[in-house]
2 protein chains.
Amino acid sequence: MLSNACQYAIRAILYLGIQTDENNKIGVKQISEDLETPQPFLAKLLQQLTKTNLVSSTKGPNGGFYLSEKDTKNSVWDVIKTIDGTSKFDSCFLGLSKCTDETPCPVHFIVSPFKEKLLNSFRDKTIEQYVIEIQQTGKIISLKDFDILKN
Amino acid sequence: MLSNACQYAIRAILYLGIQTDENNKIGVKQISEDLETPQPFLAKLLQQLTKTNLVSSTKGPNGGFYLSEKDTKNSVWDVIKTIDGTSKFDSCFLGLSKCTDETPCPVHFIVSPFKEKLLNSFRDKTIEQYVIEIQQTGKIISLKDFDILKN
DNA sequence: CTAAAAAAAGATTTTTTAGTCTTTAAATAA
DNA sequence: TTATTTAAAGACTAAAAAATCTTTTTTTAG
Ligand code: FES
Ligand code: FES
């Protein structure tokens, strides 16, 4: 459904929400190890997210990536928009040119409510809220049994 | 969500359900024109669907592709399984290795119910049922305003 | 029996997505 | 001030998906 790039990006931003703030930055090397994503590829993605102000970064010793207070107010939807664009959520499941209730394809009324609700969920919930939920319920963000609640 | 290949395949099988039977076969050229899909690519897909017994075909003059009575009893899910495989419906939205209620990623409980219900819809409805619904409600199967209820 | 029509098979090309590598710029600690 | 650390930038390569082209086989109408 989402591209690899977008999946990595979402996991990374949630990771940053959990692990970092202005005084606790983490380098791309560690992030990609913890999340088990290809390092240079993730670096590109983080650069992109930095350029669109979804994550923050500083260079040099003790530098790295982090989420500022403000950054945590963004949504997963913001990440999806930046990396994959909106098309997957507003285009027809069967690839037809228009996806509206007036020009429904044979699966439109099956698929459409899902897309709608999914989009709302991703748009209305902040990274901060996700982070709280992850910390309280111990949800998983990495491929291996990386316990998000360690340290 | 689905690959181009799979979208074309689903549209094609519904088209065949509407337009063809044992005595009314249609060649790939016409099908691809009506559905506005790349011709040789669609040909490949129809071959694949023929090999897995989801559509029928005969060679030679007046030959072409068609759905037999039996073929219409298959489901859209059968097509998806053949062309794209099941992974999109049973793997994690964030690309983690396991997608279960016991090992949920941060979006699992948002996404999972959708996938489940969507899968059921595609699995429990036959091509035949889709065709009836399309004919009754005039749903769209092509990019342009190809009126499925013509002829 | 032959020519034409159509699918089948499979090799090839193009485009997109994924991923890597190398160089440059900034920050900071010593 | 200088060496080191880290992100930024951009060129590059690899793999997968999408699409095309070419040849072969089957069918059947004449
Ligand atoms: S028209 Fe196909 S999903 Fe809406
Ligand atoms: S674990 Fe991620 S969607 Fe189920």
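Below, chains carry the letters A, B, ... as their sequence lines are ordered, and counting in each starts from 1.
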note: A:K25, atom NZ; C:dA27, atom P; distance rounded to Å ~ 11 Å
In terms of heavy-atom contacts, B:R123 and B:S75 come closest through O-CB, 3.7 Å
Verify same cluster id: B:I13, B:Y66 (apolar side-chain graph, 4.5 Å)
no
Residue-phosphate contact under 4.0 Å: A:Y8 side-chain N/O, C:dG19 OP1/OP2
yes
Spell out, as yes or no, whether a donor-acceptor pair under 3.5 Å connects the side chain of B:T20 to the backbone of B:L67. yes
* Asked: Do B:F93 and A:F122 have their ring centres less than 6.0 Å from each other?
  -> yes
Exercise. For C:dA8, does OP1 or OP2 lie under 4.0 Å from any side-chain N or O of B:S57?
Worked result: yes
Mate of C:dA6 across any strand shown (Watson-Crick or G-U wobble, both atom pairs under 3.5 Å) is D:dT25
Between CG of B:L35 and P of D:dA19 the distance, given in whole Å, is 14 Å
A:L49 CG to D:dA9 P, in whole Å, measures 13 Å
A:L2 atom CG is separated from C:dT17 atom C1', nearest whole Å, by 14 Å
Among D:dC21, C:dA27, C:dA18, the one nearest any side-chain atom of B:P40 is D:dC21
When rounded to whole Å, the NZ to C1' distance for the pair A:K59 and D:dA3 reads 17 Å
Judged by nearest nucleotide, the residue sitting upstream toward the 5' end of DNA chain C, B:P61 or A:A5, is B:P61
Among D:dA7, D:dT4, C:dA9, the one nearest any side-chain atom of A:V28 is D:dA7
Whole-Å distance, B:F65 CZ to D:dT27 C1', equals 14 Å
Nearest-nucleotide check on DNA chain D, A:K44 vs A:N62; residue mapping nearer the 5' end is A:N62
Taken to the nearest whole Å, CZ/B:F41 to P/D:dA18 is 6 Å
Partner of D:dG30 under the Watson-Crick or G-U wobble criteria, both distances under 3.5 Å, comes out as C:dC1
(request) Look at all strands and tell whether B:P38 reaches a base, only sugar-phosphate, or nothing, counting heavy atoms closer than 4.0 Å. (result) sugar-phosphate
Would you indicate what B:I83 reaches in the nucleic acid, counting non-hydrogen atoms under 4.0 angstrom: base, sugar-phosphate, or nothing? nothing
Of A:N4 and B:G63, the one whose nearest nucleotide on DNA chain C sits closer to the 5' end is B:G63
note: B:K88, atom NZ; D:dA17, atom P; distance rounded to Å ~ 8 Å
Note to self: Using only atom types and a distance under 3.5 Å, with no angle test, would you say the side chain of A:K139 pairs donor to acceptor with the backbone of B:V107?
What the structure shows: no
